[in-house]
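Input: a single structure, listed below in structure tokens.
What's counted below: heavy atoms across the whole structure, side chains too, no hydrogens, waters or symmetry copies. Numbering starts at 1 and runs along the sequence shown.
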Amino acid sequence: IPSGGHSPGDAELTTTTTQQQPQPDPERILNAELVGRDAVIAVLQQALSKLQNRGRKVTFISGEPGIGKTRLAREFTRWAEETHQATVLWGYCYEMSGSFPYQPIAEAISTYVRTCNPEQLRTMLGSGAVDLAKIAPEVRAILPDLPPAFPAFQPEPIGPELERRNLYNAVARFFQTLAVQHPLIVVFDDMQWADAATMQLLHFLTAQYTAASPLSASEAVGNRNTFPFYLMLYRAEEVDAVHPLRGLMTTLARIGISEDTRLQRLTEEQVLQLLTNMAGHSVRSIFAAEIYRQTEGNPFFIGEAIRSLALEGKIKRMGDHWQIVVDINKLEIPPSVRLVIERRLVHLSPECRTTLSVAAVLGRKFSSELLCQVRNLSDDIVAEHIDEAIQAQLLSSLPDAFSPGTALASTDAHAPHERDFDLSFTHDKIREVLYQWLNPLRRRTLHRQVAQAIEVRYATRLQPHYST
């Protein structure tokens, strides 16, 4: 902070360069060097190296939206391409009803097929080309002379079960053929939205397929492993105990061929390093601390907040440093961040959203008993809403810091009512979006109801609540 004094909102980004720039580069912000993920990438690198000797491996990466699952996977696969000449295929699941069966697998296959000429493709696929063409139309586009998938006259229909088995084997053989030439990494993103058909085929590929028709010695390269390395990314809050992906994870864990890693938010120190990478020069810790407080270490939120400031001209060049020219305490949620949060909220039941809106008025941390009182519903009904929100990782339970035998966490004037706090929003931006959804009349009504509930519940000790 300069000697003249600034508010925390005027925090600076210092630099030693004298080159004048109108504003920070938005592309540099989005593509800044990864921070805080070295240990996870090292685990992935070690897993790929071990895989080349024998066996198969499936790694699951989970985390909240914006935590950096896709970015981490891209960094890892880039390293694998550069150091191991790996072939990398990507498949994506989409948040929509009625999506095509086998969508991510078909997408991964189609990506590679488009790079082949007819001779290469015919040699590689062999008799499996007809089966693969059923889910990847690009195969038939390159090999238009393939026999029809469903001939008009077939003396002995093979039946749906055998037809599915032929498709499964064709997909497995396709991946196996690629893995023989170079290490093969298949990345499936947003697996929380995978359809049932995809999950069944993945179960076969990862847990059942045993290469009943192994490649000949002339086809193999040394003793290279012929199984792909599967990397599956998913949002943990959308994969509950009965989700099909959870069943696949349980099966693979039981046979010992999978790992599940959850990405955590960045620490304040890591946020400082990320901002330094974004800026390309040193950043003052006070600015990093404010960004950390606003974003709580979510990498996507950080990037979007800085990019929004840059695009709106709210980061200006002031002599030898960049300076925020708005009060960062009043930093608005970027539209992209708001959309991410809103997409999570719309999956909740309307009743649960209403309960969370009341909780948003109570604050980041709040008492479930006070919530029931304001909501004017039974404990059981509100408990169901809380369970739904916890499952979606929008709320979390607070540790009982004031239970018998535990030292008090605080001795200040607010400690007495904080003893009742047993729930918290997992991110304050979630509470902020919920609060902003309320129209002005609803806000005033809820604030009045909260005040009345506090007066009743804390009649003998109201002073700590005056500012809430």
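- Salt-bridge check for Arg165 with Glu161: failed, with every basic side-chain N at 4.0 Å or more from each acidic carboxylate O.
- In this structure, Glu238 pairs ionically with Arg235, as a charged nitrogen and a carboxylate oxygen lie closer than 4.0 Å.
- With contacts defined as side-chain heavy-atom distances shorter than 4.5 Å, the pair Phe175/Leu89 qualifies.
- Here the rule is side-chain contact (heavy atoms from CB on, under 4.5 Å) with Leu233, and of Leu263, Thr59, Asp189 only Asp189 fits it.
- Between Arg293 and Glu290 a salt bridge is recorded (basic side-chain N to carboxylate O distance below 4.0 Å).
- Every residue was checked against the salt bridge (Lys or Arg N to Asp or Glu O under 4.0 Å) condition with Glu388, not counting sequence neighbours, and none meets it.
- For the salt bridge (Lys or Arg N to Asp or Glu O under 4.0 Å) test, no residue two or more places apart in sequence or in another chain qualifies with Arg375.
- In terms of modelled atom types and a separation under 3.5 Å, the side chain of Arg265 and the main chain of Thr295 share no donor-acceptor contact.
- Considering Leu394, Asn298, Val340 in turn, Asn298 is the only one that fulfils the side-chain contact (heavy atoms from CB on, under 4.5 Å) rule with Glu64.
- Taking the six-membered ring for Trp and thresholds of 30 and 60 degrees, Tyr112 and Phe174 have ring planes more than 60 degrees apart, a perpendicular arrangement.
- Pairs passing the salt bridge (Lys or Arg N to Asp or Glu O under 4.0 Å) check and including a residue from residues 252-262, sequence neighbours excluded, read Lys57-Glu259.
- Ionic pairing of Glu95 and Arg343 is present here: one or more N-O contacts between side-chain nitrogen and carboxylate oxygen are shorter than 4.0 angstrom.
- For the pair Arg74 and Trp90, the cation-pi test (distance below 6.0 Å, angle within 45°) is passed.
- Separation of atoms CH2 (Trp193) and OG1 (Thr198) is listed at 14.5 Å; rounding is to 0.5 Å.
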